[in-house]
K.L.:
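Before we start, here is the structure in question, set down as structure tokens.
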Amino acid sequence: MAIKKPTGTKDLLFGEAQSWRDFQNLAFEHFAKFGYIECYLPTFEQTELFVRGMGVTTDVVNKEMFHVLSSQNLRTAMEAGSLDALKVKNRLSLRPEGTAGVVRCVIENNLVLQGAAPVKLAYAGSMFRAERPQSGRFREFYQLGVECIGSDSVFMEAECIIMLAQFLEDFGIKPEITCILINSIGCEKCRDVYRKKLVVFLKSQESKFCEECYRRAETNPLRVFDCKKLRCVAVMKDAPTIDQYICEDCRKKFEQLKKLLKLGAVQYVEAPHLVRGLDYYTANVFEVQVDSESTGLGAQNAIGGGGAYAHLVKDLGGSDLPGFGFALGYERCVLALGEVKVHATDASTEKYYVACVDENLREHAFEYALKLRTEGKIVEIDSQGRSLKSQFKQADKFGANFVVILGPEELADGQCRLHNMQTHEETLISL
Ligand code: AMP
């Protein structure tokens with residue numbers, strides 16, 4: 001009998017193969033305009049990385065991981081009757097998502113130096129989850145994503161979401177069928193208070209939940225929001241939401257995110273029930289959903305999502321560095337598109353750094369950088385509140401051809417200075 005492909009996998013052939021390559025090229029070229037550089041990381045990592053990264057109580061870690069065993073390790077585990085008999089470095093799993101691997105790579109290669117700019121990495125490749133296959137849900141699926149590590153600036157977060165929204169439109173997913181949901185799930189301080197309130201609510205309703213959510217109410221109460229079963233969704237409609245409990249800091253960050261998304265012309269919907277499925281997220285999170293009916297995606301209508309993670313780098317053994325990122329599922333994007341499209345891409349090589357003379361002009365720098373990127377330029381801005389001199393140093397490291405300098409007087413006349421990094425000539429140009 002002929003051998004068939006494993007359940008939940010697929011062959012990408014002809015137009016589909018080209019479309020996956022275009023999807024990556026289009027994304028990497030677009031993300032490069034925001035300073036993201038591509039990386040290719042192992043498809044399997046130490047199991048411990050995912051357990052510590054995503055949290056032992058998440059479904060992905062608990063039920064959906066594929067483990068990787070060499071013949072020798074398989075024998076050792078079978079003789080002992082447990083995978084725990086293996087040395088930690090021999091306990092390996094296929095990656096179910098990309099963030100933990102990127103963080104591991106950043107720590108291992110010491111990519112973020114003290115006081116330096118955040119590192120911005122983009123990845124694409126197969127992810128593996130032992131889920132029950134259905135439309136838009138596979139066991140091996142393709143994701144692309146980015147991680148910005150080393151900055152907790154909301155400017156970086158907003159930039160990331162704007163970049164994604166623009167990419168989806170460029171890829172051909174109509175904004176009319178797309179909805180960007182945003183929420184703040186609070187930090188460790190405010191989430192604890194909220195979690196207690198939620199547990200009281202869940203206990204009062206426990207007879208109404210599915211068996212799994214009954215268990216989740218004990219182990220990881222926020223995850224009950226992720227359940228797609230109608231009976232659980234109905235009960236959770238009345239659950240307390242975190243927006244009533246977030247602290248002042250988290251509220252400010254959330255308000256600023258909304259303001260910046262508006263500047264970037266990104267339409268969003270506030271979704272207080274949005275918690276995301278993995279444990280490492282803190283504060284601002286988001287998800288991109290598409291219309292479930294017209295795309296035929298049903299309950300699997302989330303095409304991508306992400307958020308901030310304040311402690312993941314530290315939890316995985318690195319220094320105390322915050323991060324922000326997202327992952328996008330290729331198959332669901334194609335389903336949202338309604339057809340396989342082949343795109344022609346156009347590479348740009350001009351690099352710009354938008355510097356500002358003082359902190360008050362940061363929003364202008366952010367907005368101007370967005371404008372330049374829509375013109376196809378590769379643009380970076382400062383996210384660490386640096387002096388003008390340090391911004392120039394950063395621009396040099398970034399390999400900028402030009403630095404755009406925004407100063408209050410020039411701005412008042414609708415102008416800025418353009419500094420040529422090769423000739424060091426400066427000219428006044430209109431914004
Ligand atoms: P997550 O890491 O769960 O936030 O997933 C990010 C994106 O990856 C989702 O929005 C989907 O587009 C995609 N994705 C996640 N799991 C699967 C799966 N089993 N099959 C296909 N796509 C998936």
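As a basis for the values below, the full set of heavy atoms in this structure was taken, side chains included, without hydrogen atoms, waters or symmetry mates. Each ligand, and each atom within it, is numbered from 1 in the order the structure gives.
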K.L.:
Who are the salt bridge (charged side-chain N to carboxylate O under 4.0 Å, His left out) partners of Lys203, not counting sequence neighbours?
P.N.:
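Partners of Lys203 by the salt bridge (charged side-chain N to carboxylate O under 4.0 Å, His left out) criterion, ordered by chain and then number, come out as Glu218.
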K.L.:
So which protein residues pack against ligand 1 under 4.0 Å, heavy atoms counted?
P.N.:
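The 4.0 Å shell around ligand 1 contains Arg129, Glu131, Gly136, Arg137, Phe138, Phe141, Gln143, Arg276, Ala302, Ile303, Gly304, Ala327, Gly329, Arg332.
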K.L.:
Could I get the full list of side chain to side chain donor-acceptor pair (under 3.5 Å) partners for Glu212, not counting sequence neighbours?
P.N.:
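Scan of Glu212 (side chain to side chain donor-acceptor pair (under 3.5 Å), adjacent residues dropped) gives Lys63, Arg216.
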K.L.:
For residues 311-318, dump all side-chain donor-acceptor pairs below 3.5 Å to protein atoms at least two apart in sequence or in another chain.
P.N.:
from   : atom 1 : to     : atom 2 : distance (Å)
His311 : NE2    : Glu188 : OE1    : 2.8

K.L.:
Does a side-chain N-to-carboxylate-O contact under 4.0 Å join Glu38 and Lys120?
P.N.:
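Salt bridge flag = no for Lys120 with Glu38.
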K.L.:
Is the closest basic N to carboxylate O distance between Asp192 and Arg195 below 4.0 Å?
P.N.:
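A salt bridge is present here (some side-chain N lies under 4.0 Å from a carboxylate O).
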K.L.:
Is the Phe209-Tyr214 ring centre distance short of 6.0 angstrom?
P.N.:
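No, they do not, as the ring centres are separated by 6.0 Å or more.
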